[in-house]
Each structure stands twice: as structure tokens, then as C-alpha cells.
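Notes follow the structure.
Side chains included, hydrogens not; waters and symmetry mates left out as well; all remaining heavy atoms used. Letters A, B, ... are given to chains in the order of the sequence lines, protein chains preceding strands, and every chain is numbered from 1.
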Amino acid sequence: MALPTNPEIAADLELLGALLELDGAVRHRVLAYRRGAARIRATGESVAELAMAGTAVELPDIGSTLQDKIVERATTGSIAALEKAKKAVPEGLVSIAASPGLGPKRALAVWREAGATTVGEVRSLAGEGRLREVTGIGPALERGVLDALNAPTAGEDERISLGRALPVAEDLARGIAETGARVELAGSLRRGADTCHDLDIVVATDRPEGVVSALAAQPAVAGEVSHSDVRAGAPTQLGVPVELLMGPPSRFGNLWQHATGSKAHNVRLRERALARGLSMSEHGVDGPGGLVEHADEEGVYAALGLAWIPPELREDVGEIALAETGDLPELVGVADLRGELHAHTDWSDGTDTIEAMAAAAAERGYEYLAISDHSASLSMAGGLDPARVREQWRAIERAQQKVEIRLLRATEVDILADGSLDHPDELLAEFDWVTASVHSSFRASRERMTRRLIAAIEHPLVDAIGHPTGRMLGRRPHADIDLPAVLDAAARTGTRLEINGQPRRRDLDDAMARQALAAGAGLVVGSDAHAADSLDFARYGIATARRAGATAADIANTRPWGELAAARKARAARS
DNA sequence: GCCGTTTTCGGCCCGACTGTTTTCAGTCG
């Protein structure tokens, strides 16, 4: 029997926690299940395997009880405690409790007093005006529940990619900054997460009224602004709301830190504060000497005996321990990039010419640009056959005469279903840089997909694997692969794994890239640009790399081309 | 249920906001 995956285990434990909560379990026991589930979700290795070996308890938030339950799930296929909890409380209450405005307490009351066990029944009750008869629910909540359940996106957690959110949020911030206030992005935007469900912005101001009217005047704002003295919110054209947090400059550091999160990171910090006889919030750090305000974040972290932590690492993935000992990595930045190794032109499915791409890359300060169009089997993308490739090389040569930036003969060659490549070896040998990618048969079995990738990784003429798992945010999950085996092959052969920066890909993702680093596999950040502007997608790849804890030394295209070329030559000589 | 520069037992994050209540619980981030 196949072992349960981490998401499967996490889902079971989350459900168990939710049912226990409804059943009146002690708050912190519920929290322990949630934390354990979150930890399992964020862990790269198979937690089922760890639990079977008895080492899952070495993970934070996993104790012997949870480990036993994971083993039980892995060996018997179910967890007795979960089955028991389902008998004590109807499972549908979990969904009811997740409805906006309702929570565990009200969900329980809805069941006990009105007999509803499904969201549909709650909607009917609300429609008939009978939900208000339940203790703790009045007309206003009933209305809110009904509206939320009838909304077109009901039940879905509306999230948009960082690539859609960031440009709009930056415009909003610039617009509001015209009031003279200091304006910064916060929340998942600042942490560089894959997606966000709102645009968190913080403002240092003593005049909230002016900021609120500036917000209302922004073109991206698409409705009424609601506000208090410390907060303002409004819907935007993006479909997700903007949320402004305001506070005086004297404690801007506290506010910015608070609003940046993540929640798990902040909880850890507050626990740490408590252990030191302090209490922290967005208002400052409270202690025996009274409340201390911090104008910058460095002060907040210093008050807890910590070095300042880069936002991308604030996910409770061990960053606090590193900040305590001063061992935080010097994260790679966009400015470290010296070149782009994955970009398309109008020779295949890109929209811009070789010359236009070269100019845009030069504008970004790059020293080299790989012209890496698709290979023939990707016919709908206008992939090039060997004859067209040679033709393109002549065009690259002509373009090179006109530009300073070093243009590389490159390809994004398809990895075919059997693991072979879509160009003959004689041709591959003449490229400066070869990226190999999967573009088809994503649903192949785990074994087959893994074999396919490893075959490409072991090919002596392949420099990098493009978007290694093929996931598309909101559309297609990661291909089912044996990641440790793939990482091992990459580390062994020196073939780089791409962090693809396209906002909908972000592939490898942060957790996988972190694992890749731990396994000793090399990485490359690629924009996968199909137009000159999209060379900027490299910033999202960098965000993922930073979340993985990568330094400049970990990323191939922070090196000068001469160094990469020499390393390739040495590798070819070995094989 | 987890965990330890107070602890192997007794703790466990903080504040804003809303709508429900008769002085505050529940929810949310």
C-alpha cells in the first residue's frame, strides 16, 4: 500500500482538530493539531516515512501522539480517533464553521438548536429568516451569512498570483505616498508568497483622514472605502481587497512587522516575548519598563534578541533560531542576476524579436541572454526543428553584431514521454546552454515521471531542467514525482533545476527549492519570458529563491558567463 | 497535544472589530 502523502495526512489531522474543537476540546489541543498539520504540509520529506522510522517527532510541533496517529494512518489507512470524532459531531459542521461570520461556537449552536448539519441547510434557514433564532446570531449576521453563501465565489478562498497583485499594490502605494506619508507593502506581498487574498499596505502617518481620502482616489480602488483611525479597506479591480494599516511613525517598525506576518512567525515571536517577560503587538513591546515603540523593524527584532529577519523567511521555518545565532543566510537579490538563461522570441511562441529581447535584457543590466526557443514537438508553440535552429543561430549571429550583451545559442528542448530529448545529440552539443522541460503527459505515473526527469538530468548535454514539476497555480498540481530521487540526480550530475519565475508557475516552489539546496542540487532562476517586459518575471523567481533561503552562490545566473561556460566544459570532459 | 534560559507540569499570542448581549463572546487577521 502506498504511504499517504503529506497533504493527505495534514488534511486528516486538520479535520480531526476541527471536529475536536466543535466537540469542545481544550483550545490548545486543537491548536496543536492545526500546527502539526501545517508543519506536515510545509515539510519536504515524506512525513509518513519519517513516522514509520520513528523520527517524525524530531520535527517541531510533532510529538509522540501525532506520530502514532500518522503511523496508524499509514498502516491501516485510517485514524480511529478521527472516525470516533466523526460520530460525535457531524462532519458538515466543519464547513458551516468555516462560513464567514460563523465559527465553531455558532456552528455548534446552529446544529444543536436548528438541526442543520450542512451548509445548504444553513443557507435555507437564513433564507427563511430562521437562522436568527439561534443563540448568538441576530439579523445582521443572518444577512451576512446569506450574502456570503450566495456570492458567486462562495466557498472558495479567492486568491490571486503575486504577479497580478504586486504591480497593482505598488501603484496603490505610490499613489498614497503622494500624501507625503511613508507607505510600504506588507503581508504575503512582502513575503513574496505565491498568492495573496488581499493587498496589505502599511502607512506611517499622524493624519489618517488624508490617507483614507488618498486611497479612495486611487484608480485601482473599485468601491466604498470603509475605515477607522487605524485601518482602511476597499475592494479593488483585482477582485481582492486592499487593506491599509495606519499608525504614527514612532512605532512604524512595530506596525510593519505586525502586518508583514506570517501569522505563524508572529505567534512564535510573541511566545518568545512572553518567555522573556515581554508582550509584543503592533503598538510596541511592553515590558517592566513600560511600552517601548520602534520606528524600524530592526528595533523590534533586537528587543527580542534577534537579528532582523528578511520578510521572505518569516514563515516559521526555522528562521528565528537562525536569527538568534546570527546565522541567517545572505539572500540572493534581483540585483545579483547577471543574465537570463530562459527566454523566448518570435522564432517560437514569444512575441518579440531577438533584437528586442536583447535590448530589454541589456536595459536590465544583464551581461548575457540565452535565446531559448522551443523544440519541434511543441508544435502549437511553433517549436523549431534542427534546420530552423541552425537558421536561428545565423540570426543570433547577425543580432550579436549590433548589441553589446552576450547572446547565447540556447534551447528549451522538450523532454519526451520516454525521457529522450526532442533534439539530436549532435545538435544539442552545439548549443551554449540547454534547458530541458516537460510540456506533455503530466499525469504520467510517479514512477514514469520520475524516470523521465532523471533521464533528462543525467543527459550529459543538459544544463538545466525547466519548471521541473509542471505545476500551474490554480490549474494543475505538481506532477507526481519522487522529489528526493530527482534532487539526488541533480546534485550528482550538476544539472541545475530551474526556479521558473512566471507568476503562474513559481516552479520549483519554495519548499522544494529549500529541499534542493539541502540536497546539494544547483538552481537557476529563469523568467521564461515570452515578451520583453516579462524578463521582469525573474523577480518572482528570486522571491521563491529567497523564501527557500538561497544565497547568490546557489543560483547559476548570478555567475558571469565565462564561469558558467568553464564549468560546462569541465563537466563535459568528465562525462 | 506540544514543549522547556522559570517548567517533565502547567503553561500555551495579541488586538480590532462586530454584533450580540446586557457587560462581552466570537471571529478574524
Side-chain angles (χ1 to χ4, degrees), chain A residues 13-14 16-17 20-22 25-40 56-70 79 81 85 96-110 131-145 148 157 186-188 191 196-200 202 226-233 240-241 243-247 251 254-255 257-286 291 300 304-305 316 320-321 324-325:
Chain A
L13 294 180
E14 250 158 33
L16 178 51
L20 289 173
E21 181 175 39
L22 286 159
V26 192
R27 211 184 124 53
H28 293 96
R29 196 168 152 228
V30 175
L31 206 66
Y33 276 102
R34 297 237 161 93
R35 276 187 165 176
R39 180 66 56 191
I40 290 164
V57 287
E58 290 167 19
L59 293 169
D61 305 320
I62 306 293
S64 56
T65 306
L66 285 189
Q67 172 164 282
D68 289 349
K69 287 188 163 57
I70 297 166
I79 301 172
I96 296 177
S99 308
L102 301 182
K105 295 284 156 46
R106 287 176 184 140
L108 199 65
V110 167
L131 193 61
R132 67 180 72 179
E133 291 165 12
V134 173
T135 309
I137 301 179
L141 261 177
E142 181 182 77
R143 179 84 241 158
V145 168
D157 181 19
S188 43
R191 300 199 311 276
C196 57
H197 71 278
D198 62 7
L199 310 178
D200 289 311
V202 292
S226 64
H227 70 95
S228 69
D229 284 347
V230 293
R231 209 170 261 216
V240 298
E243 174 122 358
L244 235 57
L245 290 180
M246 300 173 283
R251 52 172 196 250
N254 306 100
L255 183 64
Q257 194 288 317
H258 167 82
T260 298
S262 66
K263 182 175 173 169
H265 175 83
N266 283 359
V267 167
R268 292 289 180 205
L269 288 190
R270 290 185 200 124
E271 284 172 354
R272 183 183 174 87
L274 214 60
R276 305 181 152 222
L278 304 168
S279 166
M280 71 181 287
S281 75
E282 63 267 47
H283 302 305
V285 179
D286 208 357
L291 186 73
V300 180
L304 299 177
D316 188 26
I320 293 173
E324 182 164 29
T325 52

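Using a 4.0 Å heavy-atom cutoff across all strands shown, A:Ser279 reaches sugar-phosphate atoms only and no base atom. At a threshold of 4.0 angstrom between heavy atoms, the contacts of A:Ile62 are confined to the sugar-phosphate backbone, with no base atom among them. Across all strands shown, A:Arg106 has heavy atoms under 4.0 Å from sugar-phosphate atoms exclusively, and none from any base. Within the 4.0 angstrom heavy-atom criterion, only backbone atoms of the sugar-phosphate kind lie near A:Gly101; the bases stay farther away.
Residues A:Val30 and A:Ala25 approach most closely at CG2-CB, 4.1 Å, considering heavy atoms. Taking all atoms of both residues into account, the shortest heavy-atom contact from A:Ile137 to A:Glu142 is CG2-N, 4.1 Å. When all heavy atoms of A:Ala37 and A:Leu13 are compared, the closest pair comes out as CB-CB, 4.3 Å.
For the P atom pair drawn from B:dT8 and B:dC14, the interatomic distance equals 23 Å after rounding to whole Å. Across the C1' atoms, B:dA16 and B:dG11 are found 26 Å apart, a figure rounded to whole Å. As rounded to the nearest Å, B:dT18 and B:dC13 have P atoms that lie 25 Å from one another. Across B:dC12 and B:dT7, the matching C1' atoms stand 12 Å from one another, rounded to whole Å. Spacing between B:dG10 and B:dC17 at atom P, rounded to whole Å, works out to 38 Å. For the C1' atom pair drawn from B:dT23 and B:dG29, the interatomic distance equals 25 Å after rounding to whole Å. Taking the P atoms as reference points, B:dT21 lies 12 Å from B:dG26, given to the whole Å.
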Check your understanding: Checking salt bridge (Lys or Arg N to Asp or Glu O under 4.0 Å) for the pair A:Lys105/A:Glu21: CA distance, chi angles, key distance, verdict?
Key -> CA-CA 9 Å; A:Lys105 295 284 156 46; A:Glu21 181 175 39; over 6 Å; no
Point to revise | Derivation and outcome, side-chain contact (heavy atoms from CB on, under 4.5 Å), residues A:Asp316 and A:Lys263 | key: CA-CA 9 Å; A:Asp316 188 26; A:Lys263 182 175 173 169; over 6 Å; no
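Rounded to whole Å, atom C1' of B:dC14 lies 14 Å from atom CG of A:Leu304. When the P atom of B:dG1 is taken as reference, atom CD1 of A:Ile40 falls 14 Å away, rounded to whole Å. Residue A:Ile137 contributes atom CD1, which lies 10 Å from atom P of B:dT21 at whole-angstrom precision. The CD-C1' distance, from A:Gln257 to B:dC13, rounds to 12 Å in whole Å. Look at CZ on A:Arg29: it is 16 Å from P on B:dC3, rounded to the nearest Å. If you take CZ of A:Arg35 and C1' of B:dG11, they are 13 Å apart, rounded to a whole angstrom. Taking atom CZ of A:Arg276 as the reference point, atom P of B:dC13 lies 17 Å away to the nearest angstrom. Straight-line distance from the CD1 atom of A:Ile320 to the P atom of B:dC3: 14 Å, rounded to whole Å.
OP1 and OP2 of B:dG10 both lie 4.0 Å or more from every side-chain N or O belonging to A:His28. Contact check, A:His258 against B:dC13: no side-chain N or O comes under 4.0 Å of OP1 or OP2. A sub-4.0 Å separation between OP1 or OP2 of B:dC2 and a side-chain N or O of A:Thr65 is present.
For the pair A:Met280 and A:Glu142, both in contact range of DNA chain B, the more 5′-proximal nearest nucleotide belongs to A:Met280. Map A:Pro139 and A:Arg231 each onto its nearest nucleotide of DNA chain B; the residue landing nearer the 5' end is A:Arg231.
Pair assignment for B:dT8: none, as no Watson-Crick or G-U wobble contacts are both less than 3.5 Å.
Contact of the A:His283 side chain with the A:Leu255 side chain is not registered, since no non-hydrogen atoms from C-beta on lie closer than 4.5 Å.
Proximity note for A:Glu282 (side chain, C-beta onward) versus B:dT27, B:dG15, B:dT20: the nearest is B:dG15. Here the side chain of A:Val230 is nearest to one of B:dG26, B:dC17, B:dG1, namely B:dC17. The side chain of A:Pro104 approaches B:dT27 more closely than any other nucleotide in the set B:dT27, B:dG1, B:dC14.
Interface residues of residues 263-272 of chain A facing DNA chain B, ordered by number: A:Lys263, A:Val267, A:Arg270, A:Glu271; criterion, heavy-atom separation under 4.0 Å.
Salt-bridge check for A:Arg231 with A:Glu243: passed, with a basic side-chain N closer than 4.0 Å to an acidic carboxylate O. Taking the charged nitrogens against the carboxylate oxygens, A:Glu271 and A:Arg35 do have a contact shorter than 4.0 Å, which makes a salt bridge. A salt bridge links A:Arg272 with A:Glu324: the closest approach of a Lys/Arg side-chain nitrogen to an acidic carboxylate oxygen falls below 4.0 angstrom.
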